[in-house]
Trainee: 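The structure follows.
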Number of protein chains: 2
Amino acid sequence: MPLRKITSLRSVLQLRDRRLNTAVYPMPFTRVEVATLTVIEGSLHVLLALRAEDPHAGQWALPGGVLRIDRDASLEAAARRVMGERLGLEGLALRQLVATGGPSRDPRASWTLSVVYRSLVPAQSVSASPGKRIKDLRWYPVDDLKEPAPLAFDHARLVELAVEDVRAAVDQLELPFDFLPATFTLGELQLSCEQLLGHALDKSSFRRRLADRDLVEPVPGSMRGGAFRPAQVYRRKSAT
Amino acid sequence: MPLRKITSLRSVLQLRDRRLNTAVYPMPFTRVEVATLTVIEGSLHVLLALRAEDPHAGQWALPGGVLRIDRDASLEAAARRVMGERLGLEGLALRQLVATGGPSRDPRASWTLSVVYRSLVPAQSVSASPGKRIKDLRWYPVDDLKEPAPLAFDHARLVELAVEDVRAAVDQLELPFDFLPATFTLGELQLSCEQLLGHALDKSSFRRRLADRDLVEPVPGSMRGGAFRPAQVYRRKSAT
DNA sequence: TCAAAAGTGTTGCTTGTACACCCATGT
DNA sequence: ACATGGGTGTACAAGCAACACTTTTGA
């Protein structure tokens, strides 16, 4: 798309020209990266992309993209756009983890800044389509990330941060309603939390904590019967 | 310094040229801002700068500066440099609060990104010297920031974040040893925490919590006598 | 009637608050 | 002696983990 290239280039020159009389500072190559987590077969996984091009070509890394100041209204919007382009996901909850930057992180630019977000999605909802500069896109279990060879850049640490953040949130019973189905039984909810945390929870404590916090409410007549005693179906109780 | 200008300009062109064959993206105008907190006369204050130039000229804002990719080895280093230049402070603990960005935050550029840090310093240590583009530099109490007229940009929210962050840390007994003198009595320590938090603490609870966590240790023979019963002097117990 | 999951109650630990009480010192 | 801050002990409440227990269903 040559048109976009031209407008982008013009913006660079504009910025340069406008500030030329006062002071000219080169700006960092700015990206957003997204650590996307999900639960597969009972354990936490993170979505990784196999890099096709040369900063760390052939290594796995968090999917991300360049900040587009001509299109993104905010950093979060940039992350959201990247999620949409790369994963076909719209309107999910994103949380900023950290911004990190320095020289020699990426040979394409002399100084790179990355703003890192995390999100939690149902695994099925991802329409993984390896696109430009990505050879492959896969879920990896967070608990042994050494296996697919070390991650590119400092992304191993970023994945750790994302996992800690999610687990801290679930520990505080900040339930990931974007990740959960609209309705669920308490057993299903507890199982989800256990899978996110990586350890078992006590049923009684879990239910009392839920009740104390007024987080969910029963859906009146609705029950869900598996093979055995049917369970009350719950839904998120909207905060007022 | 015309030499610096030339090298900076060259960097811009380098970046442009090197990426010209693949894609050219204009990058955001990138700054770091620092919310510097201290205790004055028993209550939390934040250091604000009176802006001389036009984005919000005449309004108070957090001191900050442009990221200099030719000089800063990391975002935190940039914040540290700004602290040094603006406040004459070296080597203090900084914590990243958030990165925020968008168009139309600053008329000088079409898109601005700010990475925000907070620090906690002893008020006396600041050699406040209003410098370039700053008319005045003053401490304002965080509890009524409406007084000096609304803060520039979204800095009121950033100050709130900094205050919440500091208070959360003190609540967890993450003691701000950079802020405290090297040795102190438990009474002094408790008073500092109370001033940071903005409310009183129970003496007995406070001491038991300190003891449980093994955070401080008595300096063997050392006592400090005010007008009345002398108190044991403590120091930080280095984590092992 | 039994397995399996739903759902409830009871105990006790841990953490922190509230508050009372002694201790040491200068005036 | 007493006022003042240093320092300690006890009682109580909240939050939560551990665990035992009852209930309801399909097979």
Side-chain angles (χ1 to χ4, degrees), chain A residues 39 41-42 167-175 180-237, chain B residues 39 41-42 167-175 180-237:
Chain A
V39 170
E41 286 167 20
R167 293 193 164 151
V170 174
D171 254 328
Q172 308 293 311
L173 278 191
E174 291 169 32
L175 300 180
L180 299 165
T183 65
F184 41 79
T185 68
L186 294 188
E188 291 162 358
L189 178 59
Q190 183 178 344
L191 184 63
S192 292
C193 290
E194 288 173 338
Q195 292 172 337
L196 290 171
L197 289 172
H199 64 80
L201 295 171
D202 181 80
K203 185 170 39 160
S204 180
S205 314
F206 183 71
R207 289 172 184 227
R208 200 168 37 67
R209 295 215 295 147
L210 277 178
D212 288 348
R213 264 153 255 234
D214 216 35
L215 291 171
V216 297
E217 63 186 358
V219 179
S222 185
M223 301 293 254
R224 185 173 301 168
F228 305 104
R229 174 176 176 179
Q232 174 64 49
V233 172
Y234 285 77
R235 64 170 164 235
R236 170 181 204 168
K237 183 158 184 181
Chain B
V39 170
E41 286 168 19
R167 292 193 165 152
V170 175
D171 254 329
Q172 308 293 310
L173 279 192
E174 292 170 30
L175 300 180
L180 299 164
T183 66
F184 40 79
T185 68
L186 294 187
E188 291 162 358
L189 178 58
Q190 183 178 345
L191 184 63
S192 291
C193 290
E194 287 174 338
Q195 292 172 336
L196 290 171
L197 288 171
H199 64 80
L201 295 172
D202 182 80
K203 185 171 37 160
S204 179
S205 316
F206 182 71
R207 287 171 186 229
R208 201 162 39 66
R209 295 217 291 148
L210 276 180
D212 288 349
R213 264 153 254 233
D214 216 36
L215 291 171
V216 296
E217 63 186 357
V219 179
S222 184
M223 301 294 253
R224 186 173 300 168
F228 304 105
R229 172 178 177 178
Q232 174 64 46
V233 172
Y234 285 78
R235 64 169 165 239
R236 169 182 204 168
K237 183 157 183 181

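Every chain is numbered from 1, with letters handed out A, B, ... down the list of sequences. All values reported here derive from a predicted model rather than from experimental measurement.
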Trainee: Nearest 0.5 Å, what's the CG-CD distance between B/D202 and B/Q190?
Mentor: 7.5 Å
Trainee: State whether the side chain of B/R236 and the backbone N or O of B/A182 hold a donor-acceptor pair below 3.5 Å, judged by distance alone.
Mentor: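 It does not hold such a pair.
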Trainee: For the SG atom of A/C193 and the CG atom of A/L180, what is their distance to the nearest 0.5 Å?
Mentor: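 Output value for this atom pair is 7.0 Å.
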Trainee: Kindly list each side-chain donor-acceptor pair under 3.5 angstrom involving residues 219-231 of chain A, sequence neighbours excluded, with atom names and distances?
Mentor:
| from | atom 1 | to | atom 2 | distance (Å) |
| --- | --- | --- | --- | --- |
| A/R224 | NH1 | A/E188 | OE1 | 2.9 |
| A/R224 | NH1 | A/E188 | OE2 | 2.9 |
| A/R224 | NH2 | A/T183 | OG1 | 3.4 |

Trainee: I'd like to check A/L210 versus A/Y234 (side-chain heavy atoms, cut-off strictly below 4.5 Å). Are they in contact?
Mentor: no
Trainee: To the nearest Å, give me how far apart CE (A/M223) and P (D/dT23) are.
Mentor: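 After rounding, the reported distance stands at 16 Å.
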Trainee: Starting from C1' on D/dT24, measure out to CZ on A/R224 and report it in whole angstrom.
Mentor: 18 Å
Trainee: Below 4.0 Å from chain A heavy atoms, what is the first contacting nucleotide of DNA chain C and what is the last?
Mentor: C/dA3 to C/dG9
Trainee: Quick check: do B/L189 and B/F206 have side-chain heavy atoms less than 4.5 Å from each other?
Mentor: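 With C-beta onward as the side chain, the pair touches.
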Trainee: Apply salt bridge (Lys or Arg N to Asp or Glu O under 4.0 Å) to A/R208 and list each qualifying residue two or more places apart in sequence or on a separate chain.
Mentor: A/D212
Trainee: For nucleotides 25-27 of chain D, give me every protein contact, N/O to N/O, under 3.5 Å, one pair per line with atom names.
Mentor:
| from | atom 1 | to | atom 2 | distance (Å) |
| --- | --- | --- | --- | --- |
| D/dG26 | O4' | A/A227 | O | 2.6 |

Trainee: Could I get the full list of salt bridge (Lys or Arg N to Asp or Glu O under 4.0 Å) partners for A/R235, not counting sequence neighbours?
Mentor: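 Applying salt bridge (Lys or Arg N to Asp or Glu O under 4.0 Å) to A/R235 gives A/E217.
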Trainee: Starting at CG of A/L175, measure out to NZ of A/K237 and round the result to the nearest 0.5 Å.
Mentor: 14.0 Å
Trainee: Would you mind reading off the distance between A/Q232 atom CD and D/dT24 atom P, rounded to a whole angstrom?
Mentor: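 Distance, rounded to whole Å: 14 Å.
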Trainee: Got a donor-acceptor contact below 3.5 angstrom from the A/R213 side chain to the A/R209 backbone?
Mentor: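 Such a contact is found between A/R213 side chain and A/R209 backbone.
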Trainee: Reading nucleotides 11-18 of chain D from the 5' end, what letters show protein touch, with B for base, S for backbone sugar-phosphate only, - for no heavy atom under 4.0 Å?
Mentor: -----BBB
